[in-house]
Amino acid sequence: QVQLVESGGGLVQAGDSLRLSCVASGRCFSTYTMGWFRQAPGKEREFVATITWKGIIRYDGDSVKGRFTISRENAKNTVYLQMTSLKPEDTAVYYCAADIRRRVLSIAMDPGDYDYWGQGTQVTVSS
């Protein structure tokens, strides 16, 4: 069982920055692929970014690339999502997730690829 706890959300204005953090329990964090997803009201949960256990990074298409940066600090069992130039359309609950299967041939970018989820942290961007 892996527990994930997100923090760092809040209410900001368009153009501001936020850094989300997600701390994982357990001693095998370095072997997990960690992802960030978000869900806006009335919408499906969508992929934002992932960093694999080998350090490979992927971002969602054009919506966040260049503005968001995912990183991890294995010594602290923590994954981060640095968000800059925030837009009102970034408003959502942001979730971190862990894929413990140590994939080699694929990169987990679908919610179904992840085994554990945090409770989410609200990010609200006002215009």
Side-chain angles (χ1 to χ4, degrees):
Q1 189 78 8
V2 177
Q3 293 183 327
L4 304 172
V5 180
E6 302 101 331
S7 61
L11 171 62
V12 297
Q13 293 187 330
D16 285 351
S17 300
L18 276 177
R19 188 176 80 159
L20 306 183
S21 300
C22 173
V23 180
S25 65
R27 296 182 293 177
C28 299
F29 179 78
S30 63
T31 69
Y32 304 158
T33 285
M34 299 299 298
W36 285 99
F37 291 77
R38 65 186 181 185
Q39 188 166 17
K43 295 188 176 181
E44 293 186 351
R45 192 167 298 189
E46 65 176 8
F47 169 77
V48 175
T50 186
I51 181 165
T52 74
W53 61 284
K54 287 194 164 189
I56 298 170
I57 291 173
R58 293 288 185 271
Y59 296 99
D60 170 63
D62 296 324
S63 63
V64 303
K65 198 170 183 180
R67 298 189 298 122
F68 291 9
T69 302
I70 189 171
S71 61
R72 64 190 300 158
E73 194 169 357
N74 288 339
K76 294 186 176 181
N77 278 22
T78 302
V79 62
Y80 304 99
L81 186 68
Q82 178 69 49
M83 306 185 293
T84 63
S85 302
L86 283 162
K87 305 175 181 179
E89 51 264 44
D90 295 319
T91 295
V93 178
Y94 284 71
Y95 298 91
C96 76
D99 167 19
I100 66 172
R101 283 168 270 186
R102 300 179 70 176
R103 301 171 194 271
V104 176
L105 300 180
S106 63
I107 296 175
M109 294 192 287
D110 187 87
D113 293 334
Y114 288 81
D115 305 291
Y116 298 97
W117 293 83
Q119 82 289 349
T121 185
Q122 177 70 47
V123 172
T124 303
V125 184
S126 64
S127 57

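- Judged by distance alone, the side chain of Asn77 and the main-chain N or O of Gly26 form a donor-acceptor pair under 3.5 Å.
- Separation of atoms CD (Glu89) and OG (Ser127) is listed at 10.0 Å; rounding is to 0.5 Å.
- Taken together through direct or relayed side-chain contacts under 4.5 Å among Ile, Leu, Val, Met, Phe, Trp and Tyr, Trp117 and Val93 form part of one hydrophobic cluster.
- Taking the six-membered ring where the residue is Trp, the centroids of Phe37 and Tyr114 are separated by under 6.0 Å.
- Across all non-hydrogen atoms, the minimal contact from Tyr95 to Arg45 is CZ-NH2, 3.5 Å.
- Scanning both residues, Leu86 and Arg67, for their nearest heavy atoms gives CA-NH1, 3.9 Å.
- Looking at Leu81 and Arg38, their side chains never come closer than 4.5 Å, going by heavy atoms from C-beta outward.
- One distance of note links CE of Met109 with OG1 of Thr52; it measures 11.5 Å at 0.5 Å rounding.
- Ile57 and Ile107 end up in different hydrophobic clusters when Ile, Leu, Val, Met, Phe, Trp and Tyr side chains are linked at under 4.5 Å.
- Rounding to the nearest 0.5 Å gives a distance of 11.0 Å between CD of Gln39 and CD of Gln122.
- Rounded to the nearest 0.5 angstrom, Arg102 CZ and Ser30 OG are separated by 8.0 Å.
- For Arg72 and Tyr32, the positive end is not near the middle of the six-membered ring at less than 6.0 Å and at most 45° from its axis.
- Both Tyr116 and Val48 sit in one connected hydrophobic cluster of ILVMFWY residues. Membership requires side-chain heavy atoms under 4.5 Å apart, directly or through other members.
- The backbone N or O of Gly15 lies less than 3.5 Å from no partner atom in the side chain of Ser85, so there is not a single donor-acceptor pair.
- Using modelled atom types, one finds no donor on one side chain facing an acceptor on the other under 3.5 Å when comparing Tyr94 with Glu6.
- Of the possible polar contacts, one joining the Thr91 side chain to the Val125 backbone as a donor-acceptor pair under 3.5 Å is found.
- Rounding to the nearest 0.5 Å gives a distance of 4.5 Å between CG of Leu18 and CE of Met83.
- Neither Phe47 nor Phe68 shares a network with the other; the hydrophobic side chains, linked directly or stepwise wherever heavy atoms of I, L, V, M, F, W or Y lie under 4.5 Å apart, form separate groups for each.
- Gln82 and Thr84 are not linked by any side-chain donor-acceptor pair at a separation below 3.5 angstrom, with hydrogens and angles left out of the test.
- Of the inter-residue distances, the one linking Ile100 atom CD1 with Gln1 atom CD reads 9.5 Å to the nearest 0.5 angstrom.
- When atom types are taken as modelled, the side chain of Asp99 and the backbone of Ala108 share no donor-acceptor pair closer than 3.5 angstrom.
- Arg101 and Gly112 make their closest contact through NH2-O, 3.9 Å (heavy atoms, listed as atom of the first residue, atom of the second, distance).
- Across every non-hydrogen atom of Leu4 and Ala24, the tightest pair is CD2-CB, 3.4 Å.
- Looking only at side-chain heavy atoms (C-beta outward), Leu20 and Val123 come within less than 4.5 Å of each other.
- Hydrophobic clustering, with ILVMFWY side chains joined whenever heavy atoms are under 4.5 angstrom apart, groups Val2 together with Phe29.
- For the residue pair Ala14 and Pro88, the shortest heavy atom distance occurs at CB-CD, 4.2 Å.
- Although no hydrogens or angles enter the test, the distance criterion places a donor-acceptor pair under 3.5 Å between the side chain of Trp53 and the main chain of Arg103.
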